[in-house]
Structure formats: structure tokens, C-alpha cells
Amino acid sequence: MSVDQKVLRDVNLTQEEYDTVCRQLGRQPNALELQIYAVMWSEHCSYKSSRVHLRRLPTRGERVMQGPGENAGIVDIGDALAVVFKIESHNHPSFIEPFQGAATGVGGIIRDVFTMGARPIALLNSLRFGELSQAQNRRLLRGVVSGISSYGNCMGIPTTGGEIQFDEGYTANPLVNVLCLGILRHKAIVYAKAKGIGNPVIYVGAGTGRDGIHGATMASAEFNEDAQAKRPNVQVGDPFMEKLLLEACLEAMKKGLIVGIQDMGAAGLTCSSTEMGARAHTGVDLDISKVPLREDGMTPKEIMLSESQERMLLVTEHGREADLQRVFHKWGLDSVVVGRVIAEPVLRVRHGEKVLATIPNRFLMDEAPVYERPMKAPAYHEDPLPDLPKTNVEEALIKVLRAPSVASKRWVYEQYDHTVRTNTLILPGGDASVLRIKGTAKAVAISVDGNGRYCAAHPGRGARAAVAEAARNVACAGARPIGATDCLNFGNPEKPEIMGQFCEVIDGMADACRVLGIPITGGNVSFYNETSGRAIPPTPVIGVLGLIEQAARAVTPWFKDDGDVIYLAGAGRVSLGASEFLKTIHRLTAGWPAACDLQAEKAVQELCIRAAASGLVRSAHDCSDGGLLVALVECGLAPEALNGMTLDLDAESAGAATIDAALFGEGSSRVVLSVRPGDEENNLLGLAGSLGCPLKRLGIVAPNALRLKWAGRKVVEVPMHKLSSAYFNALGECLG
Amino acid sequence: MKKHKVRVIVTLKEGVLDPQGLAIKHVIDGMEKKGFEDVRQGKVFDLVISAKSAPSALAAAKEVAGEVLSNPLLETFECIMEK
Amino acid sequence: MKKHKVRVIVTLKEGVLDPQGLAIKHVIDGMEKKGFEDVRQGKVFDLVISAKSAPSALAAAKEVAGEVLSNPLLETFECIMEK
Amino acid sequence: MRFGIVVFPGSNCDHDTYHVVKHVLGQDAEFLWHGERDLRKSDCVILPGGFAHGDYLRCGALARFSPIMQEVAAFAKKGGPVLGICNGFQVLTEAGTLDGALLRNASLRFICKQVHIRVEKTDTPFTGLMKPGQVLKIPIAHMVGNYYADAETLKKLEGDGRIIFRYCSPKGEVDPDWNPNGSMGSIAGICNRARNVVALMPHPERASEPEVGSEDGLDVFKSVISTFEEVIAGGHS
Ligand SMILES: Nc1ncnc2c1ncn2[C@@H]1O[C@H](COP(=O)(O)OP(=O)(O)O)[C@@H](O)[C@H]1O
Ligand SMILES: [Mg+2]
């Protein structure tokens, strides 16, 4: 069909896609319909580049009550309770306006969780920035952190954990991934379905403005320059409004007044009404003259595409509108009927009586384009590494402890309220966040992890390592992993190398999840993280959820008492390739990360979980960024006390030939444990033996200083307070 | 060099959501005060600048207002010389 | 009833510490801009009020400014009728 | 004893406070919706933490216009024990029930961490079971907790013995290094003239069970329960 190419460019559709639209409809779409198609078929909403690959991820498991496809995944935790959780990216908006971008990212993921009927109880985030030596990156970090903190804190949802890494590759493309976790009773699940023909479709929350309207629209010729200057499309978050929505929605759900609900997130009213109809095999008939507007003179297109925050679309039973209104009114909110559920499975948009658009749901969703984009195997870095000059261990240790990716993130997490709701048993600073479930003996643990440097060097290994690390963090706390959510951050999928990375990452994740028995219940894909042709390192971020049957048995990473015996558990291989040591000490990005042996990983996790359950270990900490020595030092830096240690390592016990590789090499499947000498120690050794998990004695907890021998020779003796100030103060010194 | 006082007023651009203003309006409405149609909140900065002349103080204020005091994505500003 | 625009400017009383203003001054100093002697931050509220007359709109604004928009312990305010 | 916990739309420590008085201490507890005027026969009223009305203007500034606040003021005037925690402290200063004001933290950042506070006075309903000089480990979580009062007010507070808690080191030393937010005189909590209205920035309800890291906050609630029981016992004798 012939169509103005400029029109297609503005809405970001190809000629072939336009032809498909015409074939589906049997006619040309009108201007509004074209806009609706364009947003629904955008990468963000349709997953057209990733869908064929995502199918390879394992999504089923005994405990999975809801896999991908709804607003968030649901995993059973027993006692008729379930956890609802999901991670989402807000990368592009955070680059444009870090405070609002990050804040609205938090707002969005919270809505995804409470719309399922859950009370959100924790937030986590995974952040990536360019190096902090550049003022621009410091500004982005400060803005993002205060955006997250202002939104989460106001909502009264604790931000209990996360991770941050710095790499030059994120300079013009910071990543902001946020995860929300909620708890619900099985019976209370609410789905995003527009069920019940004739039921009213109701709009609640903030008024609709022009914010967030598709960039394409902004660039069209409708606004003159001055108007553009006055009408930015930055979305502004209102956490207080969201708090009202949260409480009002949960109250309405409890009263059985909500049949189905979805938040108006990306592509706003268009996406929520189409998806809710499609899931219920019904249609939604909207009268946009009823939509509460915040600005004058908004066009139908603007109303349908607005991404104003803190808005929900819901369906109630016919006849209960007044009851619903009463609940919302109590919270100071208006609820407005803007449409009806209809039998015809279409999205129909009217303005009063006048029909403006009619599109069958399936065209917008199931029959949206799916691409098998061309792929090219990623260009790997050279392996093996060049010869490296000798290093002084103490100097290197302090430098690595001060490296922003390794150093304590206390400057960041002190800005997050992490104790509200009084469930947080293990505060930020540990491996996983641990939250008790009031009214039961249980706790859940959750950790988000990913390593772009590993994935850039070797996407498959990096992806396996990311799943393994998140799961291991949870296992260290004593929790058994029961589900995962993932956020896949990549460059432009139209480039074959990027698709190649994506494909290898998916395979690596799928492999790790299958072997470790962790189903993926939802996630998010963020492509086009690219500026001036330069893509970010491929960055899958995995959030793993674990369950602890006895909350009182949760294990922290920190050494407890002098004389406790320190062990390295696990048969993990290490490599200096792509390590923090190589980057910080030798200013090199080279080599491959160690391959993760998933059977060894499974064994060490099993050891941690069982040892915790039977109260055998006093502490457990995973070795990740920075390697074994950093992990050991971290074990000595409890929030309120310092513990020293006396260590006697060699190539055999540390699992590497050279001292640098042993102390600073990185790899999966390794955990530092401490145990009381005597019976408990013997029992731990017995348990490890029966699980086939190696356990190497490294030394004992001892007062005040780190004392380290390598193959019998003394190499380091340094007071813990010196290490503590390097580790805890580094980030604050950069950021002020 | 003389000291000049410049007041910079930073306000949200039209169309940008103002949660502060909304929350205040909501409470004012609840207080049964009549007639309040709209409330928008902005910021004010009172600067003291040493400069040769009033115009050069004003120019310095404008620079800082654009670079530091306001976020050009969301806000506009005006600078006023105080007597 | 006509709509009137009133701008309320709320500033900290002299002597009350203004950490925000100080922090901004610090940033400006760090940028090697010269001459900035003092920065104090305040708030501005743009009100739209329906009232019979400008004086009655101004009176309504003053009431709200004193009761809600400012804390008399820390702040003073002025109300300005806009054209 | 019956606790009434005031719920503003943006309160977010209401459930935590309820949990402690009801489930940890086994007392009666009721939520008091800010739009209502009924204290439901509460023997003690708590204004919990949170962001009462979003608190974009000044923290706690808008809360005093809620209908329930008139009842709380009347209850306080009759001598009823009232506790303000964090946002509750801000609400009480904005309402003029307590002296001074809370400004933004000196660091300008939100601060969430464990701190230590020293008990200065034990002659209030909320500190009766404590010892003067006792150190409590209790977390703070606020952006606006930097206590400010003019010199004259400060002098009055000192003179009347109305400074109830100060930030301190784990050993009880009060000095600027251990002042997390810039508060004048390291003030963490104060009371009114009649000593029945007490407020503090730290969150005792987050330090009331050993598994969350500290039980030191529990004495705040236990004290008021014991005062109440004494009154009841006194009434019967
Ligand atoms: N962005 C963040 N938000 C909250 N907590 C964080 C953040 N980044 C790091 N932390 C906390 O700091 C601790 C260390 O993080 P990290 O170095 O990533 O640990 P690990 O290597 O064990 O995954 C964790 O407890 C984590 O929750
Ligand atoms: Mg880890």
C-alpha cells in the first residue's frame, strides 16, 4: 500500500509492517489506528526481536503459579502465601532525566506488583554507570539514587538491596533496573483481564497529560519550536499519588470489587486496554471523552499514547461502581467509567458516539510481527592473558577494595529506607536481602546480579555466571532458590553482533536455570542501549528469589567469633580474565571469565542451604567481584564490628597456581564459610563430603588484623580498620 | 566591585506534572477555602553577587540559573534585579 | 468571579540555616564562577484564585500563605498580584 | 491498654507500630483515620512515621489540617499521652504542639541507619522505665530530621528539661561526630511543657524485636503501658 514514508518513519514502522497492517485490517488504517499499531508493535511492547529467543528459557516449576505474560510472576511459598516479583528497566528515561527517570521506574514496577493483588514488601535495583572519574557519571549516579530513594521511601517500601557496577561502556547509556517483590494470599490473586461482558472499565489515578508521549510524536511537525520547549515528554513521578493508589487498590481488591486491573505503563491506555481484552478473549470499548485530562486541547492520539504516571485501568462488576467509588474516594481519588467490556475481541476507541478506531486485539498482540533477526557470533577477547608484572598484595588489595564496583555501596543504600515494614532481617551490605514473612516462621531472600564485563568477553559464560551468582547469594543466606526474574540490557538488535550476544546469553541463562532448577517467571528486555553506534556491554541482570523455612536460621556473611574456622567451599575455577583486579591494577580488559561448572555450583549451593538449615555455619559469603581475598575481608567488616583473621593459603587450598590468581581471580561456585571448631566443624565436613563439595581450610577468625601467609610465607599483615576505611569510604569520597 | 542582589525564580514548564502543587491544592480544598483553582510550586533563589555593574551581575545570575539552579528539561527561570 | 493570579514567595528568615543554599553555593564555587557571595533558597507558589476582585484574591492568598504555605517560625512570605 | 495509631494517607510506619503494640506487646490497637474525629477510646495516641500528605511542601505541614488532629490536640491538652515518631514529630512541630522545627538533614540526603540515642529525662510517660544516661540503639530513616529552634526556645527546652533524647556514640558520648543529621544540641527527641507529648526522629518500632537488630525501642512502648497500669492501679486503690 502506498503511504508517505515520512509518516512511517515518524511512527517507526517499516513498509512491510505497514503492508501487514493493511492486510490484517483489509483496509488502510486511519491516523489514530496507525499510531496504536505503532506503539503496540514497538520493540518495547511487542518483543518482536526477542520473542523467538525468550521461548528457550525454562519457565515452569512446581511452585510457579504465574509465569511470564502477566504483570508479574507468582511463586508459591507455602502457608497459602505467594511471592509476586518482577524486574524492569528504565534506562533511557534515566539518562535523559536521572531523578525522574529512576523514580518513575520504581513507580512502574511497584504498580506491576500490586496490581496482582500483592502488598509490595521490598525493592531492589541494579545500576550501571560509566566511570566515576567523569563528572557526568557522578551526576547521573546522584540523580538516579535520589530518584529511587525519594520514590521508594515515600511509598514506605524498603529498598533492601541491589548492585552497582561501573564500566566505561555505560558512559552514555546508564542502566537502571528495578525489582519489586510483594506478598499475597493465594486466594487474593487478581489478573489483568477484562472479564465479564458489560462490565464497566474504570480509570483511576492521576490525570492524563502529554508526558511521555512517543518521541516520534514530539518530533512531528505539529508543535512549533516554542511549544516543544514548553512541552517536554519527561514523565514526572508522584509517589504520594501512587501510595494512595496502592492502598485504595488493595482495599478494593480485599472487598472483591476488582475483576481485573492493569497499570497504564508503556503505551498507556492503548496497551492496558488491548492487553486486558486480549487476555480475557473479550474487547474493550473506550470513550476517551471521559478520560480525566490534566492539560487542555489534548488530541485522541495524545490521550491514547500518554504515558503519564500513576494511572490504573480496572474492571469492576456491573452494579458495583458506587462501592468502588466509595473506596477510592476515601483515599482522595476519583474513579471514572471510561468504557465497557464487550464480546467482540477488539479495541474500540470512541469520542462520545463517534468511533475513532477499531482494531482486533489479536492483530496488535498475537499476530504482531516476530523477527528472527540475523545473528553473528560475538567477537571474543583474546584468551590467554599476557604476562603480568608482579604486584604487592597489600597495595593491590587496598586498590581493589577502593574500586567503585567492589567498594561498599553504603553511600548509596543509606539513602534508601531499608528498614521500614520491619521485615528486613539482613540489611544491605550482605549477599542477599532477607525478609521475614510475618505470621509464619519463613523468610524470603532475594539478590540481583549480573556482570557486563564477563558478558562482553564471553556472553555465554557471563550469563551462566550471572544466574549462578544470584542463586549463590541467596543460598549463602540459607535460602533455596525457587524462581527468577531477568532484565536483559543490550544494544541495537538490528545489528547481527548484538543479536548474537543476545542469543548466547539466553542459552547460557537457560542452561544455568535448568541445571539449578530455577524457573524464570518474568522479566524485561531493553534493547537499543546504544549511543553514536556504541553499544553497552551485554548486561543480563538476574534476580533470584529464595525461600528459608526457618527465618531464625538465616545466615549473614560476617564472621562472628575469634577462633571460628574459615573454609572455602566449592570446586569453582578462577580466572583473572575480565576480573576487577585486571581492570584496576593492570588497567586491562582482556581474557575470559572462568567457565561456571553448573554441577559444582549446585553442590556448593546445596551445602550452604543444608548447613544453614541445620545451624552448622556461622557465616557464608560468596566470592564474586574482586575474588577470594576481597570476599574474606568483607567477611571481617560487619556493620558494627570488625573481625580480623589469620589465613594460611596455598595453590591447593585457594584453587589457583599463582598468588595473584588465587587471591584476586574471579569465578563461580566458591563460598567462604565460617564454623565453630569441634562438633559443628566435623558435621560440616561430613555434610560436604556427602554432597561431593570440596571444603578447604583457610584459617581462623582472629582479632584486629588480616594476617596472610602464602605457601607458609608471610605476605600481608594489615589492620582491619585500614581495610575498613578503604572499603567503606571510597564511594563517598568520590561522590561527596 | 559592588554587591548586587538578584532573585532567580524557577518554575515548572507548562504541562509538567506538579505533585507538590496538587497535594497542596488538595489540602486547601479540604479546608473549605473557596476559589483556589490551581497551585503550582517553584523555587526561588536569592543571590548576592559581587560584580562591576548591575548588568554583569544579572548576566552571571542568568548563567548560573540556566546551568545550576534549573533543570532545562522541566523548568524555566527568570532573573530579577533587586533594588 | 474572575480568575486572578497571585505569586507567593516564601523565604527563610535571616539567621535560619539554609543547607540547600549552602550546597548550591558550594557547587557554584566549584565551577570557578566568581563573585557569588551568598545563595539562599526559598519557594514560590503560583496560585490561580477565583474571586470578585483583585484585593479579595490577594487577601485569600495571604491567608493561605500564612496558614499553609509558610512556617512562621522559619519563614516569611510576600504575595504579588500578577498582571 | 488501647493504642490509637493515626493514619494519614501517606503514613507508612502505621502497620509497623501496630505490629509492635498489638503483636509484640499484646495490647489493643486501633487505626485512626485522619479524616475522622473519633479517637475510639484510645489511652495513648501515636503519630507514626511516613509522608502524611506526600510532604512535598514541608514535612508534616499539611497534616495539622486533618480533622483527627483537633481531637489529638484536645486529648493532649487533657494530659493524654501522645507519641510522635519521625513524621509524627514533624507533624507535631508544624502543628505548634511541640517547639522548634525539623529542617533538611545537613548532608541534604536521606539517611537510613542504626544510631544511638541517650536518654536524657525519664519523667515522661514514654521513658519511665529507662535510666537517665541509658543508650538505646534505634534506627533513623529520614530526610528532614535536623532539629532547629531559635536560641531562646532552645534555652527554654534545656531549662525545662524537655530534651528527652540526644544522638550519641554507642558509649553515650554526645558530640558532633555522632550527630547524624546536624540537629542542634544533637537533639533526637523532645516533649511539651506538660511532658505528656513526646516525639523523636528515630523509629522505636523498628527496634522492638531481636531479629531486626535491636529491642531497645520496646521500652518506649513498655513505659507508657506501665504508666497507664499504675494510673489504673492507683484509681482502684
Ligand atoms: N544499588 C544498590 N542498592 C541497594 N543496595 C545495594 C546496591 N548496590 C549494592 N548494594 C548492596 O551492597 C552489597 C554488596 O553488593 P555487591 O558488591 O553487588 O555484592 P555481591 O558481589 O555479593 O553481589 C549487597 O548487600 C547489596 O544489596
Ligand atoms: Mg554476590
Side-chain angles (χ1 to χ4, degrees), chain B residues 1-14 18 20-53 56-70 75-78 80 82, chain C residues 1-14 18 20-53 56-70 75-78 80 82:
Chain B
M1 290 289 212
K2 256 192 59 187
K3 290 194 181 169
H4 303 268
K5 288 190 180 181
V6 187
R7 171 165 279 182
V8 180
I9 293 185
V10 176
T11 48
L12 284 175
K13 287 183 188 175
E14 205 184 294
D18 177 18
Q20 284 108 305
L22 276 180
I24 296 165
K25 177 164 181 321
H26 197 80
V27 170
I28 296 177
D29 291 346
M31 293 167 71
E32 287 157 32
K33 297 203 185 280
K34 299 261 153 56
F36 287 83
E37 308 278 338
D38 193 30
V39 181
R40 306 264 295 165
Q41 182 171 343
K43 295 177 192 146
V44 120
F45 300 90
D46 286 321
L47 311 178
V48 178
I49 305 176
S50 303
K52 298 191 292 292
S53 64
S56 72
L58 196 60
K62 277 191 183 154
E63 216 178 280
V64 165
E67 288 174 32
V68 183
L69 306 179
S70 70
E75 297 166 326
T76 51
F77 65 86
E78 55 192 294
I80 304 156
E82 309 273 287
Chain C
M1 290 291 212
K2 255 191 63 185
K3 291 193 181 168
H4 303 268
K5 290 189 179 180
V6 186
R7 170 166 280 182
V8 179
I9 294 183
V10 175
T11 48
L12 282 176
K13 284 186 185 165
E14 224 179 283
D18 176 18
Q20 270 145 298
L22 280 179
I24 292 166
K25 176 159 183 325
H26 194 78
V27 171
I28 297 175
D29 292 346
M31 292 167 73
E32 287 160 32
K33 300 205 184 276
K34 300 256 155 58
F36 287 83
E37 309 279 338
D38 192 31
V39 181
R40 305 270 292 167
Q41 182 170 343
K43 294 172 192 153
V44 75
F45 300 89
D46 286 321
L47 311 178
V48 178
I49 305 175
S50 301
K52 295 191 296 290
S53 65
S56 71
L58 196 61
K62 277 191 183 153
E63 212 180 284
V64 165
E67 286 176 34
V68 183
L69 303 179
S70 69
E75 296 164 328
T76 52
F77 65 86
E78 54 192 295
I80 304 157
E82 308 274 285

Task: Residue among C:Gly21, C:Ala57, C:Gly42 with most heavy-atom pairs under 4.5 Å to chain B - done: C:Gly42

TODO: Identify which of C:Gly35, C:Ala61, C:Ala60 forms the greatest number of heavy-atom pairs closer than 4.5 Å to chain B.
DONE: C:Gly35

Task: Which residues share a salt bridge (charged side-chain N to carboxylate O under 4.0 Å, His left out) with B:Arg40, sequence neighbours left out - done: none

Task: For C:Asp46, salt bridge (charged side-chain N to carboxylate O under 4.0 Å, His left out) partners two or more places apart - done: C:Arg7

Open item on the list: I need the B:Leu47 CG to C:Gln41 CD distance, nearest 0.5 Å.
Closed with: 10.5 Å

With only heavy atoms counted, which part of [X] is less than 4.5 Å from chain C, the side chain, the backbone, both or neither?
| X | answer |
| --- | --- |
| B:Met1 | neither |
| B:Glu63 | side chain |
| B:Ala51 | neither |
| B:Val39 | both |
| B:Val8 | neither |

TODO: Check the pair B:Lys33, C:Glu67 against side-chain contact (heavy atoms from CB on, under 4.5 Å), reporting the backbone distance first and the verdict last.
DONE: CA-CA 12 Å; B:Lys33 297 203 185 280; C:Glu67 286 176 34; 3.3 Å; yes

Task: Heavy-atom pairs under 4.5 Å with chain C, option from B:Val64, B:Leu69, B:Asp18 with the top count - done: B:Val64

- [ ] Check the surroundings of atom CD in C:Glu14: do more than 12 heavy atoms from other residues, nucleotides or ligands lie under 6.0 Å from it?
- [x] no

Open item on the list: Heavy atom to heavy atom, less than 4.5 Å: which residues from residues 22-30 of chain B reach chain C?
Closed with: B:Ile24, B:Ile28

Open item on the list: Give me the atom names and distance for the closest heavy-atom approach of B:Val44 to C:Thr11.
Closed with: CG1-CG2, 4.1 Å

Task: For C:Lys13, all residues meeting side chain to side chain donor-acceptor pair (under 3.5 Å), sequence neighbours excluded - done: none

TODO: Tell me, for C:Ile49 versus chain B, whether the close heavy atoms (under 4.5 Å) come from the side chain, the backbone, both or neither.
DONE: both

